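Let me begin by presenting the structure, written as structure tokens, before commenting on it.
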Amino acid sequence: QKEVEQNSGPLSVPEGAIASLNCTYSDRVSQSFFWYRQYSGKSPELIMSIYSNGDKEDGRFTAQLNKASQYVSLLIRDSQPSDSATYLCAVRGDKLIFGTGTRLQVFP
Amino acid sequence: NAGVTQTPKFQVLKTGQSMTLQCAQDMNHNSMYWYRQDPGMGLRLIYYSASEGTTDKGEVPNGYNVSRLNKREFSLRLESAAPSQTSVYFCASSEAGGLAGGPFAEQYFGPGTRLTVT
């Protein structure tokens with residue numbers, strides 16, 4: 001079993017819709033959780049960090065964490081074509097473990 | 001602020017050749033990291049330096065060496081390149097201290113080096 005799992009996608013959503021990206025992790029003692037956005041041919045860019053159960057909102061992005069279910073998600077409201085990218089979930093235990101990413105496609 | 005910079009951006013090596021990838025950060029971060037990214041494998045940690053003067057192995061250290069030259073710079077060396085080392089290499093850095101800090105806290109990535117070994 002992979003330590004951090006994401007559906008590879010692609011997840012296709014129409015412009016203006018909510019995109020929901022999910023991530024599960026296996027290490028119960030993980031304390032910090034991150035979402036990175038990576039455009040094709042570019043480096044990962046940190047977009048959200050979350051450390052406690054519940055929701056954290058930043059603009060059009062909402063990160064949700066449920067440590068009991070070992071689940072973290074990222075919601076993107078009012079999706080735009082410019083949001084089309086691969087989204088990487090990263091979980092911090094004794095090191096930072098990355099998922100393989102979910103490719104999001106937002107079509108006009 | 002340039003953030004994290006890496007050189008070179010692209011490199012082609014023949015099997016057996018050696019090279020050093022350079023990384024520098026101007027954010028006064030204590031911790032620095034080297035990752036490789038391969039299709040379907042995600043980002044994998046090669047080596048990291050939690051603070052100046054220390055280095056530790058990550059998930060895939062074989063075939064690589066690192067040097068933390070000072071607080072700003074962290075280099076990755078391939079002594080004898082192999083085709084299996086064809087990859088995109090990213091350097092990253094993070095602050096130290098607190099839940100949001102310390103090794104493996106919020107990391108900021110450089111633009112990457114695309115390496116091909118033939």
Side-chain angles (χ1 to χ4, degrees), chain A residues 1-10 21-27 29-54 56 58 61 63 65 67 72 74 85-103, chain B residues 2-7 9-10 21 23 25 27 29 31-50 54-61 87-115:
Chain A
Q1 181 187 6
K2 292 183 183 177
E3 296 180 71
V4 178
E5 294 211 44
Q6 297 180 256
N7 188 319
S8 61
L21 303 159
N22 303 314
C23 173
T24 58
Y25 60 94
S26 59
D27 186 355
V29 300
S30 299
Q31 294 188 354
S32 310
F33 306 85
F34 308 95
W35 283 98
Y36 286 82
R37 177 176 62 199
Q38 187 173 24
Y39 293 112
S40 181
K42 301 296 186 182
S43 59
E45 174 192 9
L46 180 66
I47 54 172
M48 289 288 285
S49 308
I50 187 166
Y51 304 101
S52 55
N53 280 329
K56 179 182 177 182
D58 184 0
F61 298 102
L65 175 61
K67 289 186 179 181
V72 58
L74 179 70
T86 297
Y87 289 80
L88 307 175
C89 172
V91 175
R92 178 187 180 192
D94 61 342
K95 292 184 177 60
L96 193 63
I97 306 298
F98 286 84
T100 53
T102 297
R103 189 157 63 95
Chain B
V4 180
T5 57
Q6 293 182 235
T7 56
K9 287 186 168 52
F10 300 94
L21 282 65
C23 174
Q25 52 89 11
M27 297 178 282
H29 286 171
S31 302
M32 299 184 73
Y33 316 84
W34 278 105
Y35 291 90
R36 60 178 289 175
Q37 187 174 40
D38 303 290
M41 301 291 290
L43 282 159
R44 292 182 293 170
L45 183 66
I46 305 171
Y47 270 93
Y48 67 100
S49 172
T54 69
T55 61
D56 285 287
K57 295 178 180 179
E59 180 185 355
V60 288
S87 188
V88 181
Y89 291 85
F90 290 105
C91 176
S93 69
S94 67
E95 293 180 342
L99 181 63
F104 304 103
E106 299 180 349
Q107 295 185 15
Y108 298 88
F109 285 79
T113 295
R114 192 171 296 272
L115 175 67

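Order of the sequence lines fixes the chain letters, A, B, ..., with proteins taken first and strands second; residue numbering starts at 1 for each chain. Just so it is clear, the model here is predicted, and its values are computed rather than measured. The figures that follow rest on heavy atoms only: side chains count, while hydrogens, waters and symmetry mates do not.
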Residues A:Leu46 and B:Gln107: closest non-hydrogen pair is CB-O, 4.2 Å
Under 4.5 Å from a heavy atom of chain B, the part of A:Glu45 involved | neither
Interface moiety of A:Leu88 toward chain B, non-hydrogen atoms closer than 4.5 Å = side chain
A:Leu96 and B:Tyr35: side-chain contact (heavy atoms from CB on, under 4.5 Å), yes or no, with the steps?
-> CA-CA 11 Å; A:Leu96 193 63; B:Tyr35 291 90; 4.1 Å; yes
Yes or no on side-chain contact (heavy atoms from CB on, under 4.5 Å) for B:Phe90 and A:Gln38, after CA distance, side-chain angles and deciding distance?
-> CA-CA 12 Å; B:Phe90 290 105; A:Gln38 187 173 24; 3.8 Å; yes
Passes side-chain contact (heavy atoms from CB on, under 4.5 Å), B:Met41 versus A:Thr100? Steps please.
-> CA-CA 6 Å; B:Met41 301 291 290; A:Thr100 53; 5.9 Å; no
Where does B:Gln37 contact chain A at under 4.5 Å (heavy atoms): side chain, backbone, both or neither?
-> side chain
Mark yes or no for whether A:Tyr36, through its side chain, and B:Tyr108, through its backbone, hold a donor-acceptor pair below 3.5 Å.
-> no
Do you know which of A:Ser43, A:Gly99, A:Ala90 has the most heavy-atom pairs with chain B at a distance under 4.5 angstrom?
-> A:Ser43
Non-hydrogen atoms of A:Ser49 and B:Glu106 that approach each other most closely | OG-OE2, 2.7 Å
Let me know if B:Arg114 has heavy atoms under 4.5 Å from chain A in its side chain, its backbone, both or neither.
-> side chain
Note: A:Pro44 and B:Leu43 closest approach over all heavy atoms is CG-CD1, 3.8 Å
For atom CE of B:Met27, decide whether the heavy atoms of other residues, nucleotides or ligands shown that lie under 6.0 angstrom number more than 12.
-> yes
